[in-house]
Amino acid sequence: MNRKYYFVLFALVILLLQKYSVEAQDFYRFKADYTIKLSNKGNKPVMKKGTVFYDKNVKKIVIKNGFPLKENIIHSDTSIYFIRVGRVINRTTNFLPVEFSVFHLALNGNLANYGLDKAGYILNDVSRDKGLVIASWLPENNFKENLGKIIIATKGKELYSIVYLNKKEEIISKHIFHKYMYDKGFSFPTEIVRIYYVDQEELYELTTYRNIKINETGNNEYYNYRIPE
Amino acid sequence: MKKIFILVLFFVFTNKISAITINAELFEYDEEKVEAAFADLDELENLLETNPEWTIADVAFRLPQYNYMLENVNPAPLGFTNISAPGNIPSFWWAFSFSIVGSYFIYSAVAGPIAVTIVYFNTDKDKAETKKAIYGCLTGTVLGLGIRYLVSNL
C-alpha cells in the first residue's frame, strides 16, 4: 500500500515538473513600453513613445504609439500599416520580415545569433577577445552581390553587439544590446543603441524598453490586431 | 621587378586585412557622445513621465521648443495626414461649413455644435482636432450671422 502511494506521488511530481518546464520555455507574447530617441543629420533629435505588442503565433508587430502622435503602426509579413483613429492612412512595403525582429527572436530564444543562420548567412569564423565570443557571418553566394559581412559579439550566451559591414568591409552600422532583463528563463535587452555611419557622420538611435510583460493574457485586441478595411 | 610585385602584393594583402580588425574594440562606442546627442530631450522626457498620455499637441503649449517634432517625426512617408472629420475633411472646415449654413438659417443653428461633436468622437476625442472644429464653428457662426444681417438689411 505504501509503495503504491509513493509511486502515485512520484508520478504526480514528475508530471508537475514536466508541465512547469514546458510552460517555462514556451514564450509566445511580448509587451513593453518603449522610448525611441533618434538623432537627425543636422537637425534636432526626435523622440517616440508608446507600447509594443507581439504574439509570435500571429506574427504582427503592433506598435501603439503615443508620442508625438497617437497612431497604431502594424508590421505584418509584407506591409507596414499606419492607422489613425481607426483608419489606415498609409501602407508601405515591409522589407524586414517580422521573424527577424528582436521580439520574435527573443521569444524563440534565437536572439544570440540574430537568426542569421536562417537569413541567408553562413558562419565564417569564431574567435574570443576580452570576454566576447565574436562570430563573423558571410552572406550566401546568392546574396553576395548586395550584402556584406555581419559580425556578432556575444557575452555569456547573450547578444552583445552586431556590426554590419558593406562589401568594401566598411562599417555601416553598429548595434549594442544592453541591460538585459530576466523573467522565468526569458531574457531581453532593455536598452539598444544603434549607430549608423552616414557620410562620415554618426547618427544615433537609442531604444529603451520598460514594463516588459511575457505571455500576457489580456489585450487580445492588440496582439490579434485587425487591420481596418 | 620581383621585389616590386611582392611589395604590391603585401600592400594589397595588408590593406584588405586592415580594412577592419575583428576584435573586442570593434564593438566599442562613445557612450557620452550618444548621451550628449539626446541631452536636449531631457526636459520633454521628464514632462512625459508625469503626463504619459500627452501628444505633441499638448506639449506644444508648454514646451514650444519641441514643436519641430511635428514636422520631423512623421512615420507616414506621404506626409503628415490630417485625419479629422468624416471624409478626411479638415476639422476646421467641416465645422465651419455646417455652422455658416446653420447660423444663416437660424433654425439649424445647432448644426455647428453637432459638427464639433462629430469631430470629437470621430477623432477619438482628440483635443487638438476638436479645438480646430470649435474655431471653425465660431468663425462660421459669426460669418453666417453677418451675412444674414447684411442680406436682411440691404
Side-chain angles (χ1 to χ4, degrees), chain A residues 33 35-40 43-50 63 65-71 73 80 82-87 89-92 125 127-132 134-136 149 151-153 155 160-163 165 168-171 174-176 178 193 195 202-206, chain B residues 15-31 33-41 44-45 47-49 51-60 65-84 88 121-126 128-129:
Chain A
D33 294 333
T35 303
I36 305 172
K37 295 175 183 176
L38 301 136
S39 72
N40 265 335
N43 289 315
K44 293 173 183 175
V46 294
M47 188 166 81
K48 295 176 187 180
K49 275 174 94 74
I63 300 165
N65 201 66
F67 185 89
L69 301 163
K70 279 186 183 170
E71 68 179 343
I73 303 161
I80 303 173
F82 297 86
I83 297 158
R84 290 186 197 158
V85 284
R87 273 175 286 179
I89 59 147
N90 206 343
R91 179 183 173 178
T92 59
D125 184 48
S127 60
R128 282 174 187 274
D129 189 27
K130 294 176 186 168
L132 297 179
I134 302 165
S136 302
K149 191 189 277 184
I151 304 159
I152 292 186
K155 199 188 235 179
Y160 174 72
S161 180
I162 303 177
V163 172
L165 307 178
K168 293 179 195 166
E169 298 237 323
E170 295 162 332
I171 301 173
K174 196 183 275 190
H175 303 185
I176 301 102
H178 281 307
V193 180
I195 304 166
E202 290 183 4
L203 298 179
Y204 306 116
E205 184 181 317
L206 174 64
Chain B
N15 187 40
K16 206 168 182 184
I17 286 174
S18 63
I20 188 155
T21 311
I22 299 174
N23 58 22
E25 281 171 25
L26 179 65
F27 305 98
E28 287 176 0
Y29 74 101
D30 192 339
E31 281 184 53
K33 242 172 135 180
V34 177
E35 273 177 34
F38 299 121
D40 284 350
L41 296 174
L44 175 64
E45 206 171 8
L47 186 72
L48 292 174
E49 279 294 316
N51 304 285
E53 289 300 310
W54 280 11
T55 65
I56 190 70
D58 303 297
V59 171
Q65 67 267 36
Y66 294 114
N67 286 0
Y68 67 90
M69 284 195 200
L70 267 174
E71 295 156 19
N72 288 351
V73 179
N74 186 13
L78 295 181
F80 182 74
T81 311
N82 197 6
I83 285 289
S84 48
N88 281 356
F121 287 108
N122 203 58
T123 59
D124 206 14
K125 300 173 186 177
D126 187 285
E129 289 303 319

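In what follows, every chain begins at residue 1, and chains take the letters A, B, ... in the order their sequences are listed. Remember, it's a predicted structure, so these values are computed and weren't measured experimentally.
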All side-chain hydrogen bond (donor to acceptor under 3.5 Å, both in side chains) counterparts of B/Glu53, not counting sequence neighbours:
none
Mind checking whether A/His178 and B/Tyr29 have parallel, tilted or perpendicular rings, split at 30° and 60°?
tilted
Note: vs chain B, highest number of non-hydrogen pairs under 4.5 angstrom among A/Arg128, A/Lys130, A/Lys37 is A/Lys37
A/Lys49, part contacting chain B, at a heavy-atom distance under 4.5 Å
side chain
Do you know which two heavy atoms are closest between B/Val59 and B/Leu48, and how far apart they sit?
CG2-CD2, 4.2 Å
Measure distances from A/Ile195 to the heavy atoms of chain B and classify the residue's part below 4.5 Å as side chain, backbone, both or neither.
side chain
How long is the gap from CD1 on A/Ile83 to CD1 on A/Ile73, to the nearest 0.5 Å?
9.5 Å
Under 4.5 Å from any heavy atom of chain A, what part of B/Asn23 do you find: side chain, backbone, both or neither?
both
Taking all heavy atoms of A/Gly66 and all of B/Thr55, pick out the closest pair and write down the distance.
O-CG2, 3.6 Å
Contact origin within A/Ile134 toward chain B - heavy atom pairs under 4.5 Å
side chain
Using heavy-atom distances under 4.5 Å, tell me whether A/Ile80 contacts chain B through its side chain, its backbone, both, or neither.
neither
